[in-house]
Each structure stands twice: as structure tokens, then as C-alpha cells.
Amino acid sequence: MSVKLDGVKETLRAIRKVDPELLKEMNKAIKGIMIPIRDKARGYAPTAAPGGLYNWDEGAYTKKITARNSAFRTFNSEGRLRRFPLYQAEVARKGIYYSASPSKRNRNGWSSQYIVANASASGSIYETAGRKNPGGDPKSRSNNPGAGAHFINRMGPLYGDGKSRGRMIFRAWAEDQGKAQAAVVKAIENTIAAFNQGRYDKAA
Amino acid sequence: MAKLPDLYVNAVTTYDGKALAKGQKQIAGFEKNVKNLAKAFGLTFSAAALAQYGKNAVKAFAAEDAQVKQLTQSLKNLGLGFATESVKQYLDVLEQATGVNKDQLQPALQKILQTTGDIAKSQEILALALDTAAGSGQDLASVSQVLAQAYVGNNRGLRTLNIGLTQAEIKTANFAEIQEKLLKIFGGQAAVAADTYTGKLNKLTIAAENASEEIGRGLIGALEGLAGSDGNLDPLIDKMNKLSVATGDFISVLFGGKTKDGYSLKDAIDIVFGGGVRGFGNRSLSASNQDTQRADAAAAAKAAAAAAKREKERLALLRKQALTEKNKLSLSKAAAVFDTTRISIAAALRATYDKETILRLEALQAIEEDNGELALKKINELAALQKNADMAKLAGVTQISEATLSALNTQLLTELDAINKSKMAEGEKEAARQIAFGKYNAAITAAGELAAKESYSERVQIQLTEIAKLASLSKTSNASLTLMKLRESEELSMIERVAAAQKRADDARLKALQDYAALLGKIGTGGNTGGLTSSGVGSLIPATTVVDTVGKMAEATKGLKKDINIFDLFPTLTDTQKADLGGYSPTMNYGGGYPATYNIKIETGVGDPEAIARAVSDIFNQSAYRGTSTNRDTGLYIL
């Protein structure tokens with residue numbers, strides 16, 4: 001889905017060193033392109049638990065839900081008991097953010113930049129529920145085997161293609177049809193061109 | 001660099017080939033190392049596999065030998081060298097009986113021996129440690145360490161054994177009690193454990209190890225023989241180092257091969273033992289002869305005496321320790337009481353503003369702190385204060401003084417300020433204010449009562465106003481009481497002012513009344529009215545007044561009361577005034593010199609005779625009003 005540009009990092013490093021203002025301008029331009037995507041994605045966050053799943057709604061409980069009393073408790077990656085994240089519209093909304101900083105390299109040497117991410121737990125559930133197993137987890141040993149499918153059905157359809165399917169950020173990105181991405185790439189290319197031009201001008 | 005979230009869409013992805021290059025480099029390096037390792041491993045593995053058993057056997061023997069030497073030295077150091085053999089035998093027997101390896105038994109026994117210095121006692125404790133270790137599932141080394149410490153009164157480690165004693169019991173229990181308790185809980189556990197399948201396996205393992213040690217001992221002996229020197233392996237090692245071929249031969253021979261010269265291990269051993277180069281024949285098989293038995297007996301007696309002495313010392317030390325503990329307990333109890341007293345004093349100090357109480361408490365505090373000087377100072381201050389208070393009482397001063405009130409006000413205002421600035425909840429603040437106002441009220445009551453507000457200095461008055469303001473803001477009962485006191489103080493001055501004004505008015509009224517009464521008295525008695533006559537005889541008209549005409553008389557007497565008649569007036573007249581009257585007397589005999597009736601004929605040529613007659617008539621009428629004539633308005637007046 002993303003465009004792979006070689007040497008961007010090096011170029012940006014050089015721009016940062018030689019002409020930091022140019023870099024700032026570029027980042028500003030890209031931000032102007034990405035923020036509407038973020039806001040659109042935020043707009044897809046339901047105001048209450050989606051599909052009328054009131055038991056999944058944090059706001060429906062008067063007492064504080066903890067890992068101990070949660071009806072949907074689960075285990076975290078370290079094996080400790082953890083409450084199943086209940087849906088909170090504000091948390092899900094605020095969990096969608098824009099970042100311009102490059103990510104850490106993955107093991108293949110790739111890193112991402114200028115991202116819109118969905119970081120909240122409940123927001124992530126809403127974003128991707130049913131993407132892998134549309135009929136619920138086939139290995140589930142639940143007393144209510146249909147619960148997973150029921151939950152996913154209430155979430156509504158997934159938008160996008162393949163692994164990039166989702167209900168908020170992926171939906172907004174898919175609906176943008178690559179326009180934002182093209183604009184970002186163009187902004188980078190323009191900046192690099194401007195930089196090179198300026199550098200040559202200076203050299204001349 | 002930011003960690004990538006799990007869910008994101010990104011506009012740009014960049015490739016950094018450095019990581020891959022680095023990874024490839026690292027993998028290449030790793031492969032190289034692996035190859036080297038494999039080579040090295042391959043080279044050594046066969047030899048190691050071949051030599052394994054022999055090496056283990058030699059190692060086992062070496063370890064056993066080192067332990068024996070260590071035990072021997074340890075016993076020797078403790079003055080128990082004579083018992084080395086018996087201790088060894090004891091350990092062997094114990095090892096076989098319990099299935100616990102000598103590797104564990106020996107250090108445990110050594111530890112206990114170092115503490116007790118007595119073999120019999122040490123063996124007893126070791127047996128107990130074996131039972132306890134088997135019962136509690138802990139290792140023998142730590143259990144024997146705990147028991148050795150407990151023997152000398154350090155019972156801290158016993159907690160780990162879970163023997164059902166409380167913390168306090170563990171602290172105070174002596175070793176005999178602990179021994180008894182442990183026997184009760186864990187007695188016979190070692191024997192039971194030895195009889196289990198695991199115990200039997202352990203025994204088997206021990207037997208195998210012992211066999212291995214024996215083989216190792218044989219091999220070492222053989223090597224010593226091969227070395228050709230007095231039990232020293234160094235020359236052999238030198239030779240082995242110098243001649244790698246010899247090493248190869250040695251390993252080959254050791255595990256069934258032959259040297260380059262065609263000799264086997266058996267040949268070598270035959271040469272060594274058969275040739276009598278290093279025979280054992282000269283060594284006596286008897287462990288002790290008569291002399292050594294005697295020496296051992298003497299050493300044993302000495303050791304027993306030393307152990308008894310040591311035991312005595314230990315018991316004395318424990319008694320001393322118990323006494324110290326007891327003293328410490330008493331001291332801590334005393335300290336607790338002391339602390340309680342100090343806390344109580346501090347609390348009481350915080351709960352009062354009363355100067356006398358404060359001084360008394362400060363003196364007590366100084367006494368508690370053993371500060372005699374300060375205590376005396378406070379007591380003197382207290383005495384001075386009490387004396388002043390008594391003097392004030394004697395002098396009739398019952399109201400609180402300026403200085404005292406100022407101090408109390410300052411204290412209260414400071415405290416209220418602190419309460420307001422604190423981060424307490426409002427409810428707690430109110431509770432604190434209740435206490436503060438309570439203290440203030442109590443202090444004022446104790447020091448007398450508030451005088452009129454205006455009798456204090458301006459500064460104190462400002463303080464009182466401030467306090468009144470704060471008291472009115474607080475909803476506590478004590479604040480209300482304070483407010484009431486301050487209002488009374490304000491009203492006191494007002495009452496005094498009103499009373500003074502009232503008194504002044506009353507005095508003026510009284511004086512006026514008295515003057516009036518005096519005047520009335522004088523009129524009633526015909527006395528001197530004060531300054532009306534020059535002769536000193538009382539007169540109702542001034543002595544200088546000329547009354548030689550009727551008009552003047554009328555003018556002179558018009559201010560007199562109506563009930564005063566001529567009989568009252570005449571005696572008060574001066575002689576001149578009487579003479580003015582032309583010999584008139586109210587008691588004159590009309591019949592003798594004066595006619596009864598005077599006809600007055602008004603004749604005038606100037607004015608209206610009628611008007612003149614009316615004027616005369618008016619005069620007579622007035623005279624009738626005054627009582628000097630009768631028959632008013634009749635035209636016939638009787639004087």
C-alpha cells in the first residue's frame with residue numbers, strides 16, 4: 001500500500017543538515033495532507049459501542065471495571081490477567097493519530113514514515129475484528145461458540161483490500177484512493193528537487 | 001526512534017540496507033566460529049569420550065582425597081586430630097546408612113565441629129540435621145548451618161525450618177528446647193528417607209562413586225609409579241608436556257592401547273608393582289600401637305576438657321545473652337512508657353493556649369528529657385506567673401491583661417492561618433478550628449475575663465476584630481463562644497459610656513430637684529432665699545426695690561406665688577420699703593385712722609377719663625387677683 005522510496009532517509013538527513021527550514025516546510029505540507037485522513041478516520045469511530053453491544057461499552061458500567069471483575073478478562077503477553085478492553089468512543093477516537101517520525105527499521109531493513117496509526121486497544125478491536133477469521137476464532141473453546149461471529153457481525157463491514165482492511169484508518173485510507181499518498185510523495189520529491197536546486201545554486 | 005504501532009497506514013516506506021549487510025556480516029562471522037568450534041570439537045571429542053571414565057574416576061578420587069585432607073586438617077586445628085580415623089569411619093557408616101553422600105556429610109560435620117568443638121555433640125547435631133533435612137526437604141548444608149548457629153544462640157535461621165514456633169518463642173528458646181522440638185517433628189526422618197527407593201538409589205550411587213574413587217586412587221597410584229618420583233606428579237606432567245607423543249601413548253595405554261614400544265597398561269603396572277619400586281609393604285597395617293593409644297587417650301581427655309570448658313562458656317554466654325535480652329526488653333518497655341509520656345505532653349501542649357498550663361507542660365517535658373536546667377527555668381517562670389496572678393487577684397484585677405491577650409490572639413491567629421493554608425478537607429479544617437477556638441476560650445477563661453475592648457491597645461483591638469471576623473466565618477460552637485465573648489467585650493465599653501451619661505443626667509436632675517426643694521423649703525418657712533435682702537432678714541422681694549407706689553409694688557410682687565399674701569410679704573420688707581408704704585400695715589386698725597372705703601375720683605383734663613378709670617380698675621383687679629383686695633370688678637374694692 002505504501003510507496004517505497006529509496007534514499008529518502010539520506011536525503012532528508014542532508015536537508016535537515018543543510019536547509020532545516022525546507023524540511024520543516026515539507027513536513028508541514030505532508031501534515032496538511034495526512035491530518036484530513038486522520039480526522040476522517042476519527043469520524044468513523046462510533047460514539048457508543050458499535051452494533052449496540054452495550055456490554056462492551058465502558059460507559060454502560062457504573063462501577064469501575066478491572067481485570068478482576070471484568071466479564072471478558074483475558075491475559076496479556078506476559079501471562080498476567082488483564083481486563084478485556086471495553087469500548088470508549090473518546091479513547092478510540094484519540095487513539096487515532098498522525099506521526100511524521102520514522103519508525104524503527106524492521107528486520108528486513110524497512111522503516112515507515114508519515115503514518116496514521118490506531119493505537120487504542122478497543123479502537124484496534126473495532127478496526128480489525130473479523131479480518132482474520134470472519135466467522136470467529138475456529139479454535140475457540142468458548143461456552144458460547146457463536147459469540148465471536150455475533151460480535152464481528154455487529155461491527156459492520158471491513159473496507160479496503162487484503163491485510164489492509166479495516167473500519168477506521170484503513171477505511172479512510174482506502175476511500176482516499178491513494179490521493180494522499182501521491183501528494184505526500186510529490187511533496188517529498190518537490191522538496192528534494194528544491195533542495196538539489198538550492199544546493200546547486202549555492203555551489204554555482 | 002519510534003516503535004511502530006500494530007495498526008497503521010503509512011505514506012512512505014524507506015529501505016535501509018545497512019541492517020541487512022550487518023546481519024549478513026554477523027551470520028558469516030557466526031558460521032566461521034561454528035566451523036572452528038566444530039573442528040575443535042571434532043578433534044577433542046574422541047579423546048574426551050575415550051578418557052571420560054578414567055578422568056571421572058581420577059577426579060572423584062582427587063575430590064575425596066581433598067576432602068579427607070581438609071577434614072584431617074580441620075580436626076587437627078580443633079585439637080581433635082586423634083579422632084580423625086574414627087570420624088572418617090563415622091562418616092562412612094553414616095553415608096551408607098542414610099544414603100547421603102559424604103560430600104555433603106563432611107562439610108556439614110565440619111561446620112558443626114567448628115562451632116561445638118566436641119565430636120560427640122557434633123555427631124548428635126549432625127544426626128539431628130540429617131533428620132531435619134530429610135523432613136523439611138532442605139539441603140543438609142543449610143540445615144547444619146542453622147543448627148550450628150542455634151547452638152550458639154543465634155536462632156534467626158530456625159524460621160526457615162517451619163518448626164511451628166512463634167517469632168517470640170524462636171527468639172527466647174534455648175538449644176535444648178529447639179533440639180527437643182526438632183526431634184519431635186523430624187525424628188527418624190533420615191532413616192525413613194534412606195529406606196525409600198530414592199534413598200536406596202542414592203546408596204547405590206554412593207557405592208558406585210566409592211568404587212570410582214577406589215579406581216581413581218589406583219590410577220593415581222599407577223601414575224605416581226610411572227612418574228618415577230616420590231608421589232609427585234610434576235615430573236610426569238613435565239614429561240607429558242614436553243613429549244606429546246608420550247601423552248598419546250599414555251592415553252592409548254590407559255584405555256587398552258599400547259605405547260610405541262608395544263607396552264600395555266597392564267605391563268606398566270606389572271613393572272611398577274612387580275618390580276617393588278614403590279611397594280607398600282613397609283607400612284604398618286595397625287592403626288595404633290600402645291604409645292599412640294596412650295597419646296590419643298590423653299588428647300581425647302584434653303579435648304573433652306576443652307569441650308566441657310567451651311560448653312560452660314557457651315552456657316554462660318547464653319545466660320548473659322538472655323539477661324541482655326531481658327534488660328533490653330525492660331528498657332524498650334520503659335522507653336515505650338517514656339515515649340508515651342512525651343507524646344502525651346506534646347499533645348497536651350498542642351491542646352492549650354493557657355500560659356500557666358504551657359509552662360507546666362514545658363517543665364514536665366524538660367524533666368522527661370533530663371534537662372534539669374530548662375525544667376528549673378520553666379518552674380521559676382511558672383512560679384512568677386502564679387505570683388503575678390495572685391497579686392492581680394489581690395488587687396482585684398480579674399480581667400485579662402494586655403500582654404496575655406496579645407499573646408493569645410497571636411497564637412490563635414497563627415493557628416487559624418495555618419489551618420486555612422493547609423490542604424485539609426473543609427470538614428477537617430472546621431474540626432481543627434473548633435479545637436483552636438476551644439483552646440482560646442479556655443485560655444481566656446483561665447486568665448480572667450476580657451475587659452472592655454476599648455481598654456486594650458489598638459493593636460490588640462485589631463487582633464480582636466480579626467478574630468471576631470474569623471469566628472463569624474466558622475460554624476463551630478467554640479467559634480460562636482469566642483464571638484460571644486468578643487461582643488461582650490465590645491458591649492462592656494458601650495454600657496459604661498451609657499451608664500456614665502445616664503449618671504451625669506441623673507446628677508443634673510437631682511441637683512435641679514434639690515435646688516427646687518430648697519427653694520420650696522425656703523418659701524414655706526419664710527427663710528432667707530439667699531441674697532434677696534441686705535439685712536439678712538428674709539424678704540420675698542429684693543431689699544433695694546422701691547415700692548413707694550402701687551405700680552412699683554405690683555411690679556415687685558408680680559413674680560410671687562398666688563398664695564402668698566400681704567401677711568407673708570410684709571414682715572419680709574425692709575424698713576425703707578415699709579416706710580415707702582406710708583405707714584401701712586396689714587394689721588393696722590382701719591377703724592381708728594383710715595376710713596373703710598376710699599372713693600377714688602379720676603379727674604383728668606388730658607386723657608380719656610373713662611380710660612384712666614379703666615386703668616385704675618385694672619390695677620385693683622390685679623390686686624384682687626393677688627389677694628390684696630376683694631370684690632374684683634365691682635368698682636368697690638376692699639383692701
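Throughout, a chain's letter reflects where its sequence line sits, starting with A, and its residues are numbered from 1.
For A:Arg38, no part lies near chain B; criterion is any non-hydrogen pair under 4.5 Å. Interface residue A:Val184: only side-chain heavy atoms are found under 4.5 Å from chain B. Only the side chain of A:Glu127 comes within contact range of chain B, with at least one heavy atom under 4.5 Å from a heavy atom of that chain.
Cation-pi contact between A:Arg93 and A:Tyr44: absent, since separation from the ring centre below 6.0 Å together with deviation from the ring axis within 45° is not met.
Taking the six-membered ring for Trp and thresholds of 30 and 60 degrees, A:Trp56 and A:Phe84 have ring planes inclined between 30 and 60 degrees apart.
Comment: A:Asp161 does not engage A:Arg165 in a salt bridge, judged by the lack of any side-chain N to carboxylate O separation of less than 4.0 angstrom.
In plain terms, the two heavy atoms of B:Lys475 and B:Glu430 that are nearest each other are N-OE2, 2.9 Å.
Of the listed residues (A:Ser124, A:Ala172, A:Ala119), the greatest number of heavy-atom pairs within a distance under 4.5 Å of chain B belongs to A:Ser124.
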